[in-house]
Protein chains: 2
Amino acid sequence: MGDVEQAVDEEILRALASTARLDILRWLKDPAGNFGRQEIGDFDVEGVCVSVIQDRAGMSQPAVSAHLKILHQAGLVTRKKIGNWHFYRRDELAIRRFLDTLSTAL
Amino acid sequence: MGDVEQAVDEEILRALASTARLDILRWLKDPAGNFGRQEIGDFDVEGVCVSVIQDRAGMSQPAVSAHLKILHQAGLVTRKKIGNWHFYRRDELAIRRFLDTLSTAL
DNA sequence: TAGGAATATTGCTATATAACTATGTTTCGA
DNA sequence: TCGAAACATAGTTATATAGCAATATTCCTA
C-alpha cells in the first residue's frame, strides 16, 4: 500500500497541446496586464469575458468560444455567467493538481 | 532581471497528447516490469528496442516507429543504435526540465 | 415586447494526425 | 555476397482538429 496510482488526465494534455489555448491560459494569469478594461465584472473576482479574450486573440468569436469550451471541459478554467456575459477564470487548484499528478506519473 | 521567461515546450505537449505515447513513456520507466526479455542489450544501459515495444503496444511496427520518432524529436527519449537495433530510453533530465518549466509557466 | 448585445452552436472546409501496407536501408551472418 | 532481420520511410486512407460564416439562444433594455 502507499502507492496510489495517479492517472494523468489526457484530456488536459490534449487541451494544452495548442498555442492558442496555452496563450489564453497564460493571459488569464494576469488579466489586468494582458487585457484592456472590461465594462462589467471584476477581472479577479468574476473573471474575463469572451469578447475581451477575443480582442486579444485576434480570432473569430466562435473560435475563441470553442477554445474556452475545451479548456473548460478539461477543467482548467471555471465559468461564471452574469446576465449575458460569460466570465472565465483559471482553476488554479485543478491546474496544480494536474501538475502534481503529471510530475509523479510521467 | 530576475524573471527569466521560461517558454513551455509546445512540441513536448503535443507529443504527450497521445495515449499511445504516454503508455510507451511510462512503460520505459520500468522496462523489466513492462516488457519481456530482450535478446540483446541491457534495458537499463542501452534501453529498449523497437520490436519489444511493438509487442507490448500491439500496433504495427511503423506506427510504433512513428510514435518513437515524435517522442525523440520532442526530446523526451534518447536513441542509441547498436548494429541493427535501435534502443530508446527516457531522457529523465529533459523530462524533469519540462515539468519544472511547465510548473512555473503554465 | 421588440431589438440588440454577448455567446454558444451548427455547417462547412482545410489541414493535421494516426493507422495500415508496401518498400527502402542498414547490418549481420551463413 | 546473398539473404534475412530490424527499423525507417513513403504512400494512402480515415479520423480529428481548427478556423470561418451563418444561425440560434439568452437576457437586458428601451
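Values in this document were obtained by computation on a predicted structure and should not be read as measured data. Hydrogens, waters and symmetry mates are skipped; everything else that's a heavy atom, side chains included, is used. Labels below follow one simple rule: chain letters A, B, ... track the order of the sequence lines, proteins then strands, and each chain is numbered from 1.
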### Query
Quick one: what's the B/S/- string for nucleotides 17-23 of chain D, heavy-atom cutoff under 4.0 Å, read 5' to 3'?
-SSSBB-
### Query
When you measure from every atom of DNA chain D, which of residues 42-56 of chain A have a heavy atom less than 4.0 Å away?
none
### Message
Quick one, B:Gln73 and B:Glu11 - any side-chain contact, counting heavy atoms below 4.5 Å?
### Response
yes
#### Entry: Check: A:Trp85 and A:Glu46 side chains under 4.5 Å, non-hydrogen atoms
no
### Message
Would you compute the distance between atom CG of B:Asp91 and atom CG of B:Leu28 and round it to the nearest 0.5 angstrom?
### Response
12.0 Å
### Query
Given that B:His86 and A:Ile82 both sit by DNA chain D, which one's nearest nucleotide is further toward the 5' end?
B:His86
### Task
Measure the distance from NE2 on B:His72 to P on D:dC7 and round it to the nearest whole Å.
15 Å
### Task
Could you tell me the separation between the NE2 atom of B:His67 and the OG atom of B:Ser18, rounded to the nearest 0.5 Å?
5.0 Å
### Message
Should the side chain of A:Asn84 and the base of C:dT7 be counted as holding a donor-acceptor pair, with the cut-off at 3.5 Å?
### Response
no
### Query
Can you tell me how far P of C:dT17 sits from CG of B:Leu13, to the nearest Å?
14 Å
#### Entry: Flag, side chain of A:Gln54 to backbone of A:Ala63, donor-acceptor distance under 3.5 Å
no
### Between C1' of C:dA19 and NZ of B:Lys69, the distance in whole Å
16 Å
### Task
Answer whether the closest heavy-atom distance between the side chains of B:Leu76 and B:Leu16 falls below 4.5 Å.
yes
### Separation of C:dA18 P from A:Glu10 CD (nearest whole Å)
12 Å
### Message
When you compare the side chain of A:Ile12 with that of A:Leu102, does any pair of heavy atoms fall below 4.5 Å?
### Response
no
### Query
What is the distance from CZ of A:Arg79 to C1' of D:dT26, rounded to the nearest Å?
13 Å
#### Entry: For atom CH2 of B:Trp85 and atom P of D:dA4, their distance in whole Å
16 Å
### Message
If I take atom OG1 from residue B:Thr78 and atom CG from residue B:Leu93, how far apart are they, to the nearest 0.5 angstrom?
### Response
11.5 Å
### Task
Would you indicate what A:Tyr88 reaches in the nucleic acid, counting non-hydrogen atoms under 4.0 angstrom: base, sugar-phosphate, or nothing?
sugar-phosphate
### Task
Taking the side chain as every heavy atom from C-beta outward, state whether A:Leu13 and B:Leu22 have any pair of such atoms under 4.5 Å apart.
yes
### Query
Is the shortest side-chain N/O distance from A:Lys81 to OP1 or OP2 of D:dC27 below 4.0 Å?
yes
### Message
Can you tell me if B:Ser65 touches the phosphate of D:dC7, counting only side-chain N or O atoms and a distance under 4.0 Å to OP1 or OP2?
### Response
no
### Query
Rounded to the Å, how far apart are A:Gln73 CD and D:dA16 C1'?
15 Å
